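No experiment lies behind these values; they were computed from the predicted model shown.
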Amino acid sequence: YPVNVYACLYCAAVSWLALRTSVMCPSWLIQGDAILPWLSTGIFGFSLLAPFFTLIAAQDPMEAMDGPSGWMVRAAKRDEIPSSGLPELSPTELLRARGLLAIGFVACIFAPDSVAFALGSQEWWGEVRESFPSQTMLESSTALYGLFAVEASMLSHRVGKAGVAPFNVIVPSFAVVCFMLAIIPCVFALQWLGDDISFFSYYLMGMD
């Protein structure tokens, strides 16, 4: 259940970014720039912090009992924390948490765009599109491949639950797949689109 909620939130955030940076972005979506970018940023951050705190809790269950790690493990286990401390995570759960941590690092690649939309809205994005005509193609396609990546991770979850292959094989394999889907298309796009895009400087446009 927590994994499904995580995947749904991640898909919603990446789908918003893919559509918001697309030439097909509807006017009603632009009106949500006051709140949707912040929500998406929170989701991207949570995708990294949730498995991180879960793994921290596994190192010292008693110490982490009352902190954010305790909340994360309680949510994952879906039961009350006993007085003896946090429930111990199984080797499979630890392995899956490490896989989610790797995916969380990839997810945070999208956070700067979300923050930039939150701070600059359409004024910032309009200036970016004018200065870098192909930025729309880069950002929307990268977010779309990020959506494919999370779908690949959910496929691995279903494959593991069905017993098709052990998690110690599935998790690292699909972590590599997710990384390839989220990163490699962006790298090729940077090479292909050349001077029509910006990698870092566009974040600062329209912010003064």
Side-chain angles (χ1 to χ4, degrees), residues 1-57 67-76 78 96-97 99-129 135-155 157 175 178-179 181-183 185-186 198-200 202-207:
Y1 174 75
V3 173
N4 291 330
V5 172
Y6 161 85
C8 288
L9 291 174
Y10 185 100
C11 286
V14 176
S15 297
W16 164 80
L17 184 59
L19 186 57
R20 183 63 183 85
T21 55
S22 169
V23 294
M24 303 296 292
C25 179
S27 57
W28 59 263
L29 190 62
I30 298 175
Q31 305 304 315
D33 281 351
I35 184 171
L36 293 179
W38 291 119
L39 290 176
S40 297
T41 301
I43 291 171
F44 294 139
F46 178 80
S47 68
L48 177 64
L49 293 177
F52 173 78
F53 282 123
T54 300
L55 292 171
I56 292 296
S69 300
W71 183 86
M72 296 295 178
V73 175
R74 182 165 53 241
R78 285 184 290 170
R96 292 170 66 184
L100 288 174
L101 182 66
I103 296 171
F105 277 109
V106 175
C108 285
I109 294 173
F110 303 113
D113 276 350
S114 297
V115 173
F117 270 113
L119 297 177
S121 191
Q122 184 59 27
E123 291 76 14
W124 165 75
W125 185 237
E127 186 175 344
V128 170
R129 292 179 62 180
Q135 198 72 31
T136 293
M137 180 184 296
L138 173 65
E139 301 302 328
S140 59
S141 61
T142 300
L144 185 60
Y145 276 104
L147 183 60
F148 294 158
V150 75
E151 289 300 325
S153 70
M154 288 308 297
L155 176 62
H157 173 70
C178 290
F179 180 83
L181 285 171
I183 301 298
C186 179
S198 166
F199 195 57
F200 289 114
Y202 76 99
Y203 288 123
L204 302 178
M205 298 181 66
M207 297 296 182

Worked verdict on Tyr202 versus Asp113 for side-chain contact (heavy atoms from CB on, under 4.5 Å)
CA-CA 10 Å; Tyr202 76 99; Asp113 276 350; 2.7 Å; yes

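- When all heavy atoms are compared, the tightest approach of Val14 to Ala143 is CG1-O, 2.7 Å.
- Considering all non-hydrogen atoms of both residues, Ser121 and Asp33 come closest at OG-OD2, 2.9 Å.
- Between Gln122 and Arg20, some side-chain heavy-atom pair lies under the 4.5 Å cut-off.
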One pair to check against side-chain contact (heavy atoms from CB on, under 4.5 Å): Thr21 and Met137. What are the steps and the verdict?
CA-CA 8 Å; Thr21 55; Met137 180 184 296; over 6 Å; no

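- Taking CH2 of Trp125 as the start and CD1 of Ile30 as the end, the distance is 11.5 Å to the nearest 0.5 Å.
- Of all the heavy atoms in Ala118 and Trp38, the pair that sits closest is CB-CE2, 3.3 Å.
- Considering CZ of Phe105 and OG of Ser47, their distance stands at 10.0 Å, rounded to 0.5 Å.
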Step-by-step side-chain contact (heavy atoms from CB on, under 4.5 Å) determination, Ile109 to Phe44
CA-CA 8 Å; Ile109 294 173; Phe44 294 139; over 6 Å; no

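- Of all heavy-atom pairs between Leu19 and Met24, the closest is CD1-O, 4.1 Å.
- Here Ser15 contributes atom OG and Tyr10 contributes atom OH; the two are 10.5 Å apart, rounded to the nearest 0.5 Å.
- With hydrogens and angles disregarded, no donor-acceptor distance shorter than 3.5 Å links the side chain of Thr142 to the backbone of Glu139.
- The shortest side-chain heavy-atom distance between Val115 and Pro37 does not fall under the 4.5 Å cut-off.
- In this structure a side-chain-to-backbone donor-acceptor pair under 3.5 Å is missing from Ser22 to Ala18.
- With sequence neighbours left out, the side-chain hydrogen bond (donor to acceptor under 3.5 Å, both in side chains) criterion links Ser198 to Ser201.
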Walk me through whether Leu17 and Phe117 qualify under side-chain contact (heavy atoms from CB on, under 4.5 Å).
CA-CA 9 Å; Leu17 184 59; Phe117 270 113; 4.2 Å; yes

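- Between Ser40 and Phe110 the shortest side-chain heavy-atom distance does not fall below 4.5 Å.
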